[in-house]
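Data first, discussion second: the structure below is written as structure tokens.
What's counted below: heavy atoms across the whole structure, side chains too, no hydrogens, waters or symmetry copies. Quantities reported herein were computed from a predicted structural model and do not represent experimental measurements. Each chain gets a letter, A, B and so on, in the order its sequence line appears, and its residues count up from 1.
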Amino acid sequence: MKKHTLSVLVENKPGVLARISGLFSRRGFNIESLAVGVTEETSISRITIVVSGDDAVLEQVKKQLNKLIDVIHIAELSPYDSVSRELALIKVEVDTTTRSMVMQIVDVFRARIIDVATDSLIVEVTGSKGKIASIQRLLSQFGIKEMVRTGKVALHRMSKTAADTIPEKLQKPEEE
Amino acid sequence: MAEITGAEALIESLENENVEVIFGYPGGSVLPIYDELYDADIRHVLIATAYMDSVPLVAITGQVPRPLIGGDAFQEADITGITLPITKHNYLVKDVHDLPRIIKEAFYIASTGRPGPVLIDIPKDVTTDTLDFTYPQKINLRGYIPPKSADVKHLREAAQLILKSERPVIYAGGGIIISDAAGELLSLAETIMAPVTTTLMGKGAFPDNHPLSIGMPGMHGTKYANYAIQESDIVIAVGVRFDDRVTGKLESFAPNAKIIHIDIDPAEIRKNIRVDVSIVGDAKTALLRLIGLVKESQPRTDPWLDRINKWKQEFPLQYKKDGLKPQYVVESICELYPDAIITTEVGQNQMWAAQYFRCTRPRTFISSGGLGTMGYGFPAAIGAKVGVPDATVIDIAGDGSFQMNSQELATTVQNNVPVVVAILNNGYLGMVRQWQELFFEQRYSATIIEDSVDFVKLAEAYGALGLRVERPEDVKPTLKEAVGSCKPCIIDFIVERTENVSPMVPAGAAINEILDLE
Ligand SMILES: Cc1ncc(C[n+]2csc(CCOP(=O)(O)OP(=O)(O)O)c2C)c(N)n1
Ligand SMILES: [Mg+2]
């Protein structure tokens, strides 16, 4: 099924994430990943959501999200006009013979080793889902003890700020 | 200016929103609010379907004091969490200074765009905190901009389709009533000479006695409405959401028709069904503009209307008139009190009310559509009577549903709210029994409620009037006695027990596969 990346600006308030995750589960939408963080404008957070589904599902996801009062703006990001990254930390089992082999792989992937113990290493890798999957596959032969991923984050290439994005939607209804 | 408490600020804010009546029930955490109500000008009457049926509602709930939240304190419930999926929006007030703004926003959100319920949860210590009160004039909700006007380009496309059409059907719903567009609907129908079918929520949006009216569509709709939809070349859907009780099997709904969908909620467009032209906006504005675009044309629908009229003659709504029939009770109510406000419970009683009460005005038929909430009709009747004291208000009820909220008899008696409850007493959870008869080999599991309660005595116990009717000839005199008494009243109509709602489209069938039931 097709994957879509949505970049959603929301009010930076408690409970907003619950509204969004609740909406996805109630309407039966599939979340592949979700990453949240505050933007340069502290009253706004950006949520990057990867959803899978056909075009009809995507249309409903966008419209239903838009109905949430705390959702300020939604953009669908295509690979052509946006950049995206994911970060993973992978704890790999090593011994004296395998340590250097792991380090070689880390080098090739331009990943980094950020912690060393006698029998394990922690590797930090950023990149696309595909890149993370490849290094994971290669490292698994040594034994992966633990792993964590952030989910995808993405930004539009155009030079705008979160606050810039809002005004299109901000034609305030005039109070009579 | 002197500081006032959160409770006082709440009451002042409500007065700013021109609230006249509150329905509610006291308890520990709301005591400071009730103490303020004691002195206020707002009338208070002791008493969630609202989301599904787009009802503008502001609900205020009392929460435990802030320091106790999250600690499972006595009577603590995460009401904002619980109501997330069934409210348009909700608030937990954490600072008394936010209270006036939140109330202003809540009323705005509840009543604009597609209306819906908004809940405000107020911790007890917020109601006793103080603030320097001013009620805000402006609203600043950057994430909420209800759509206003309809898209002109799409309106032109819609008009083009309508002008080419020979077999149009207008499918109108609750959106017409919400947007006060009944006049525009009538005018569009008469301009293009198209038949109009109104949904349960749209009942009253178009006069049931108008020659272009074809009644309700769907599962228990009229045969002629369903046939008309299936044979149409264009369906003009306004303020409806293509509920499965209307469409039956989606893939075979209106197979030869182009579909124009007008709705204020963009998420309704293409949610359930393919749409050829979509118009997002207020129904009244959209219809007005659409009329402007089609009014010069000559309608060519005569042969189509002839066909529909033949169906009307051949397949009328009908029932066998032996014994005391529930349909006859509804017809009698309609004959005696055509201008009454009708509320309904849920089940067979609701469908007979929809089929046999002929509404002529909007906001006179109030029923729980999307969720089919048993127990809805009686409190809805109380609300209607309090809102329109001069109207005759009659709850067409079932013996099962009524018992979900029969304690409200105390409300009607204590507050002197003279509504009539017409119980179509069949001794069954009749609608479920009907399904068991048809689809579960007449195994009546848990649906027999015969002799469960004496409704006459129940009414009398509360100080209301209780009447019983067992013969057809007593129906009308008893109705007159009840309405004439100007007291809260229950009439227990002992109706034919195993009467079924007919016609019926079996679940999952196409809507032209509609059957007569005995
Ligand atoms: C709260 C609730 N519980 C259960 C149902 C399922 N249900 C739908 S109709 C019905 C029977 C209602 O019985 P009654 O009020 O006697 O109406 P009748 O169909 O007999 O006219 C039931 C149980 C429901 N809609 N709502
Ligand atoms: Mg019953």
Query raised in the report: Which bit of B:Ile269 comes within less than 4.5 Å of chain A, counting heavy atoms only: side chain, backbone, both or neither?
Result: both
Query - Minimum heavy-atom distance between A:Asp54 and A:His4, given as atom pair plus value - result: O-NE2, 4.3 Å
Report summary line: Okay, A:Arg26 and chain B: the region with an atom under 4.5 Å from a heavy atom over there is side chain
**Report entry** salt bridge (charged side-chain N to carboxylate O under 4.0 Å, His left out) contacts in which one or both residues fall within residues 96-112 of chain A, not counting sequence neighbours
**Finding:** A:Arg112-A:Glu124
Query raised in the report: Based on non-hydrogen pairs under 4.5 Å, which of A:Lys63, A:Glu59, A:Glu11, A:Lys62 is most in contact with chain B?
Result: A:Lys63
**Report entry** Gap separating the CZ atom of A:Arg46 from the CG atom of A:Leu9, nearest 0.5 angstrom
**Finding:** 4.5 Å
Query raised in the report: With sequence neighbours left out, what residues match A:Phe29 under ring pair (Phe, Tyr, Trp, His ring centres under 6.0 Å)?
Result: A:Phe24
Report task. Identify which part of A:Ser43 has an atom lying under 4.5 Å from any heavy atom of chain B, answering side chain, backbone, both or neither. Result -> both
Requested in this report: Pick one of side chain, backbone, both or neither for A:Ala18, based on which atoms fall under 4.5 Å of a heavy atom in chain B.
Outcome: both
Query raised in the report: Salt bridge check: are B:Glu184 and B:Lys284 linked by an N-O gap of less than 4.0 Å?
Result: yes
Requested in this report: Go through the atoms of B:Asn90 and report whether side chain, backbone, both or neither lie under 4.5 Å from a heavy atom of chain A.
Outcome: both
